[in-house]
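Only heavy atoms go into these numbers, but all of them, side chains included; no hydrogens, no water, no symmetry mates.
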Amino acid sequence: MVEIFNWLFGQYADYPTVFIALELIAVIFGVASVLLASRTNILVFPIGLVSTAIFVYLLWKWQLFGDMFINAYYTVMSLYGWINWTQSKKNTAIKKQQDYINPTGQQQNESLASINAQNAIQVEHLDKKDVPILALLASATIAFVALVYYFRPVINNNFSFDGAVLGLHLFTWVDYTDMLTTALFLMAMWLMARRKIEHWILWIIADAISVPLYFYKGLTFTALQYVVFTLIAIWAYYEWQRRYRLQPKAAYA
């Protein structure tokens with residue numbers, strides 16, 4: 001048991017206490033945000049912003065530039081998603097008010113069925129028009145992260161080219177994995193902001209890949225966070241499917 005504990009958490013012996021505390025805070029807020037997202041609770045965005053802000057700082061220190069870029073992007077998309085979800089909630093409230101004033105039998109049934117929908121946030125399925133945007137986002141993300149890793153020797157050399165050696169041969173499997181998960185996470189976050197059910201599928205894949213990646217990097221708390229994320233994402237995918245079936249079919253986009 002002691003050997004397993006040391007294998008999981010031994011690397012933290014050399015970490016500054018402040019780094020450990022920040023990682024734990026970021027993990028707690030990150031898990032809370034995913035739980036809120038699974039319940040279509042709009043608080044997912046302010047809670048998630050705390051986690052992403054901390055991880056931007058930590059990931060820069062850990063030199064995981066792809067994931068650092070993910071969390072910076074999360075910050076921007078959280079603001080966009082916050083606005084989008086708020087608008088959806090307002091539109092749903094307006095529709096309910098109209099249905100209350102002049103209800104039909106079907107509208108009454110739909111209104112009753114939607115009462116249990118947390119915060120009245122309407123969810124949607126992926127559209128064909130979303131695919132080109134996802135492809136562009138994935139391509140741009142992989143290219144950007146690859147460029148960052150290509151110039152990593154310069155970054156680590158205080159942004160100086162003196163003595164820095166560049167080349168694709170310096171890329172490791174961790175770098176390629178980070179590029180893949182970065183693309184998956186960015187697509188998932190965009191779809192989440194758009195309230196698309198399929199974003200959970202991308203979360204499941206990317207979270208599962210991230211578990212061994214972070215264990216390998218010695219970031220045990222973060223790796224365990226992604227284990228929890230994977231399990232929550234699996235449940236949340238079916239939960240959003242259930243909510244979609246219960247919500248009014250004439251939902252606002």
Side-chain angles (χ1 to χ4, degrees), residues 28-52 73-74 76-131 133-134 137 184-208 225-253:
I28 292 171
F29 275 81
V31 171
S33 69
V34 175
L35 286 171
L36 289 169
S38 69
R39 305 297 297 175
T40 59
N41 191 314
I42 202 168
L43 289 177
V44 57
F45 296 109
I47 295 296
L49 282 170
V50 176
S51 177
T52 56
Y73 171 85
Y74 281 175
V76 176
M77 291 306 298
S78 290
L79 296 174
Y80 167 70
W82 201 344
I83 296 171
N84 188 289
W85 284 35
T86 300
Q87 187 60 48
S88 172
K89 186 176 180 179
K90 289 180 179 178
N91 288 340
T92 304
I94 293 172
K95 182 178 185 301
K96 284 185 175 181
Q97 186 178 33
Q98 293 172 343
D99 292 347
Y100 176 78
I101 294 173
N102 186 25
T104 64
Q106 181 180 0
Q107 287 171 334
Q108 287 177 328
N109 292 334
E110 290 176 346
S111 179
L112 290 172
S114 64
I115 289 176
N116 292 327
Q118 185 74 19
N119 288 328
I121 301 297
Q122 302 294 301
V123 299
E124 306 171 6
H125 275 294
L126 187 70
D127 296 328
K128 290 183 178 179
K129 63 183 180 181
D130 295 322
V131 175
I133 299 176
L134 290 174
L137 184 58
L184 291 173
F185 281 135
L186 264 63
M187 289 189 292
M189 188 64 187
W190 182 77
L191 290 177
M192 175 183 168
R194 300 281 296 170
R195 297 173 282 110
K196 304 293 185 178
I197 296 172
E198 289 75 12
H199 87 274
W200 288 112
I201 297 176
L202 298 181
W203 283 126
I204 293 168
I205 297 171
D207 288 342
Q225 171 189 246
Y226 279 103
V227 172
V228 176
F229 281 177
T230 303
L231 297 176
I232 295 175
I234 293 172
W235 171 78
Y237 173 72
Y238 291 102
E239 175 65 12
W240 276 42
Q241 292 276 23
R242 183 185 69 83
R243 290 174 182 272
Y244 179 80
R245 291 193 297 269
L246 292 177
Q247 73 186 16
K249 297 306 178 185
Y252 281 82

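Between the CG atom in Asn84 and the CZ atom in Arg194 there is a gap of 6.0 Å [rounded to 0.5 Å]. Note that CG of Leu184 and CD1 of Ile204 are 12.0 Å apart. Values are rounded to the nearest 0.5 Å. Taking CH2 of Trp235 as the reference point, atom OG1 of Thr230 lies at 15.0 Å (rounded to 0.5 Å). One distance of note links OH of Tyr244 with OG1 of Thr40; it measures 15.0 Å at 0.5 Å rounding.
In plain terms, the two heavy atoms of Gly81 and Ala193 that are nearest each other are CA-CB, 3.7 Å. The shortest non-hydrogen separation linking Ile47 to Ala32 is CG2-CB, 4.0 Å.
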Just do the side chain to side chain contact (heavy atoms under 4.5 Å, CB included) check on Phe45 and Met77 with the steps written out, would you? CA-CA 9 Å; Phe45 296 109; Met77 291 306 298; over 6 Å; no
Check the pair Phe29, Thr52 against side chain to side chain contact (heavy atoms under 4.5 Å, CB included), reporting the backbone distance first and the verdict last. CA-CA 9 Å; Phe29 275 81; Thr52 56; over 6 Å; no
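The side-chain contact (heavy atoms from CB on, under 4.5 Å) check on Val76 picks up nothing, with sequence neighbours excluded. Residues that satisfy the side-chain contact (heavy atoms from CB on, under 4.5 Å) test with Ala37, not counting sequence neighbours, are Val44, Met192, Trp200. Scanning for side-chain contact (heavy atoms from CB on, under 4.5 Å) contacts around Tyr238 gives Ile234, with sequence neighbours left out. In this structure Leu126 satisfies the side-chain contact (heavy atoms from CB on, under 4.5 Å) test together with Asp130, Leu134, Leu191, Glu198, sequence neighbours excluded. Residues meeting the side-chain hydrogen bond (donor to acceptor under 3.5 Å, both in side chains) test with Trp85, sequence neighbours left out: none.
A side-chain donor-acceptor contact under 3.5 Å links Ser33 to the backbone of Gly30.
Here the side chains of Gln241 and His125 are in contact, with some heavy-atom distance below 4.5 Å. With contacts defined as side-chain heavy-atom distances shorter than 4.5 Å, the pair Glu124/Ile197 does not qualify. When side chains are defined from C-beta on, Val31 counts as touching Ile232, because their heavy atoms get closer than 4.5 Å. Between Ile133 and Trp190, some side-chain heavy-atom pair lies under the 4.5 Å cut-off.
For residues 229-239, the salt bridge (charged side-chain N to carboxylate O under 4.0 Å, His left out) pairs, not counting sequence neighbours, are Arg39-Glu239, Glu239-Arg242, Glu239-Arg243.
In summary, the aromatic rings of Phe185 and Trp203 are positioned with their centroids under 6.0 Å apart. For an aromatic pair to be called close, the ring centres must be under 6.0 Å apart, and Trp240 with His199 satisfies this.
Test Val123, Asp127, Ile201 against Lys196 for side-chain contact (heavy atoms from CB on, under 4.5 Å) and you get one pass: Asp127.
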